[in-house]
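Data first, discussion second: the structure below is written as structure tokens.
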Amino acid sequence: MTEETKKKSGLGRYLGNSAWIMSDNLISSGCGLIGLAFVARVLGPEEYGAYAYVFALAQIFSVLGQMGLGALLARELVDKPDEHPRTLGTATGMRGLGFLAGAIGILLYGLLLPEHSATEKQLFVVAAIYVLFSTIPIMFDGWFRSQVEARYSAMSGIVGNLTGSALKVVAVLAGGGVILVGAIQALSIMITSLFMIIFFKMRKGPRIRSWKFDPQRAREILAESGFVFLGSILAVIYLKVDLAMLRWWTDSETVGLYAISARISEVFYFVPQAIVATFVPKLVELRKSSMSIFDQRFQDLLRILALLAYVVLAGILLFGPVLMIAVFGESYRGAIPILMVHVMSLPFIFLRFAFSPWIVIVKFAQISLISQGMGAALNVLLNIILIPQYGMMGAAIATLISYAGASYFALLLSARTRPVFWMMSTAFITPWKAVHSFRALQNGGKTS
């Protein structure tokens, strides 16, 4: 961190950072949902299903650019402030190659498989461009977050997503088709990238020309992040493979109905993502000073996330069916039962957001591969069994079981993660203690 950053301390700084991350995700999710409502209603389940299928695969191929470096990069930037140019240069080079491989991969997959329609093939070309440009914002986001200055990432994301959502609405209302909607999706990430670069220069981050790719450092990072990287690939597979497998066994209309229900569930992922992301630097500091206090604050974080998951889940169960029809129209009524099953996975997903950086902080990357592998295997196997007989309901059940398996029950497989399993269990059954946990976090990591 810079000297200016080090002088700032206490909860206000972290909560301010969290507020910006949450605002970015809230506005992006909200605008995305509004844009999705217009796009889905106008395009209908079939065309929207083609769009959802292609961009779900884009997310799968994009994981090649993530390289499992999220929390690890934050840790390195916090721990080694004098090595920012080398850390950023090495991480950027690794991720750039990964995103390039992802773009080529999705292009080949989309164009070479004969089952794809002409529309889907055009969407795959657009999706490849989207994957390729995903390199830029992720390059700078890690640095902003390590400096607890997420507002700049947030503002960039807000501008890009607001612009993209508005253009999608205008496009479909003007009669534009699904290809134009996909192109706007790629354009929005280019806009975000532009603002990221502008803010990075404004904040006088390490000059991009000073960034240096260090092959030896890359090997060291990959050695540590390799298990997390493989785990993240498996995670995206079990998070998104249901849409792909539905498309293989059913049709685009079924995919469109299922994708709407899944998208509504995913809208709320911004809540744990924002809270956890902002406290990762603090958890890193606590881990170095006191393991007991680190464990206490991690338990506090889990309780807060569990309470929030229950609140979101209750809201969707109560109001989801009415809102589904009001927002998306009668043509999406068939998605309501799928939504009711899909959202039951939210408590497991919320707590998984906290467990992922824990893996990196305590340097136990192997469990990421094991847990995500368990989730991917369960999801694929159950989809093979359930989709042919039960269609999209089978996919929803398979997703729920795989989420619970990967995010919760897999922690029983290792002696090192069993304490976290019991901490999660405690959070699930004592969510009312989240108020006390929040007050504990207000102490800035001190014992209460």
Side-chain angles (χ1 to χ4, degrees), residues 40 45 48-49 52-53 55-57 59-60 231 233-269 272 306 309-310 312-325 328 331-353 355 370-413 421 424-425 428:
Y48 176 72
Y53 163 63
F55 277 90
L57 283 167
Q59 287 185 270
I60 292 177
I233 292 175
L234 293 171
V236 174
I237 289 174
Y238 84 77
L239 289 171
K240 295 298 178 182
V241 74
D242 46 1
L243 284 173
M245 296 181 77
L246 267 178
R247 175 63 181 82
W248 299 341
W249 272 300
T250 60
D251 52 30
S252 293
E253 182 175 354
T254 301
V255 173
L257 292 173
Y258 183 86
I260 285 293
S261 63
R263 182 70 182 88
I264 292 174
S265 299
E266 293 168 1
V267 161
F268 297 97
Y269 290 2
Y310 289 145
V312 173
L313 176 59
I316 295 177
L317 292 177
L318 287 173
F319 304 110
V322 174
L323 291 175
M324 175 72 78
I325 302 303
F328 296 101
S331 60
Y332 288 93
R333 180 177 289 276
I336 293 176
I338 310 306
L339 175 63
M340 297 297 100
V341 174
H342 212 281
V343 296
M344 299 303 293
S345 64
L346 286 178
F348 303 111
I349 293 294
F350 272 47
L351 268 63
R352 179 74 197 201
F353 271 99
F355 179 60
I370 294 170
S371 62
Q372 307 290 26
M374 179 178 174
L378 277 173
N379 206 1
V380 171
L381 179 61
L382 291 173
N383 275 321
I384 291 173
I385 296 171
L386 297 176
I387 289 178
Q389 187 171 357
Y390 300 105
M392 55 184 176
M393 179 56 74
I397 294 171
T399 296
L400 172 58
I401 294 173
S402 65
Y403 283 12
S407 301
Y408 182 56
F409 292 106
L411 276 62
L412 288 170
L413 298 176
F421 173 85
M424 285 188 177
S425 301
F428 282 139

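Counting heavy atoms from C-beta outward, Met424 and Phe348 have side chains that stay 4.5 Å or more apart. The shortest distance between side-chain heavy atoms of Met374 and Leu378 falls below 4.5 Å. With contacts defined as side-chain heavy-atom distances shorter than 4.5 Å, the pair Ser407/Leu351 does not qualify. For the pair Arg352/Gln372, a side-chain contact is recorded, criterion being any heavy-atom separation below 4.5 Å from C-beta on. Using a 4.5 Å cut-off on side-chain heavy atoms (C-beta onward), Pro45 and Tyr332 make contact. Taking 4.5 Å as the limit, every side-chain heavy atom of Leu257 sits out of range of all side-chain heavy atoms of Phe328. With a 4.5 Å cut-off on side-chain heavy atoms, Ile260 and Tyr48 count as touching. Counting heavy atoms from C-beta on, the side chains of Leu346 and Ile316 come closer than 4.5 Å.
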Residues 392-400, side-chain donor-acceptor partners within the protein, below 3.5 Å, at least two apart:
from   : atom 1 : to     : atom 2 : distance (Å)
Thr399 : OG1    : Asp242 : OD2    : 3.0
Thr399 : OG1    : Tyr258 : OH     : 3.1
Thr399 : OG1    : Ala395 : O      : 2.9

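Taken from OG in Ser261 to CZ in Arg263, the straight-line distance is 12.0 Å, to the nearest 0.5 Å. A distance of 7.5 Å separates CG of Leu412 from OG of Ser425, quoted to the nearest 0.5 Å. Atom CD1 of Ile264 is separated from atom CD1 of Ile338 by 12.0 Å, given to the nearest 0.5 angstrom.
Nearest heavy atom pair, residue Gly49 against residue Val255, reads O-CG1, 3.5 Å. For Leu411 against Ala406, the heavy-atom pair with the smallest separation is CD1-O, 4.4 Å. The heavy-atom pair separating Ala52 from Ala259 by the smallest distance is CB-CB, 3.5 Å.
The ring pair (Phe, Tyr, Trp, His ring centres under 6.0 Å) search around Phe421 returns Tyr408, not counting sequence neighbours.
Ring geometry for Tyr310 against Phe428 counts as tilted: the plane angle lies between 30° and 60°, on a 0 to 90° scale.
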Original post:
Thr254 and Arg247: side chain to side chain donor-acceptor pair (under 3.5 Å), yes or no, with the steps?
Top reply: CA-CA 8 Å; Thr254 301; Arg247 175 63 181 82; over 6 Å; no

**OP:** Just do the side chain to side chain contact (heavy atoms under 4.5 Å, CB included) check on Ile349 and Phe268 with the steps written out, would you?
**Re:** CA-CA 10 Å; Ile349 293 294; Phe268 297 97; over 6 Å; no

**OP:** Walk me through it: do Ser402 and Leu382 pass the test side chain to side chain contact (heavy atoms under 4.5 Å, CB included)?
**Re:** CA-CA 9 Å; Ser402 65; Leu382 291 173; 5.7 Å; no

**OP:** Test side chain to side chain contact (heavy atoms under 4.5 Å, CB included) on Ile384 and Met245 and set out the steps.
**Re:** CA-CA 8 Å; Ile384 291 173; Met245 296 181 77; 3.6 Å; yes

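Counting heavy-atom neighbours within 6.0 Å of Met340 CE, excluding the residue itself, gives a total above 12.
Note on residues 381-396: pairs passing side-chain hydrogen bond (donor to acceptor under 3.5 Å, both in side chains), not counting sequence neighbours, are Asn379-Asn383.
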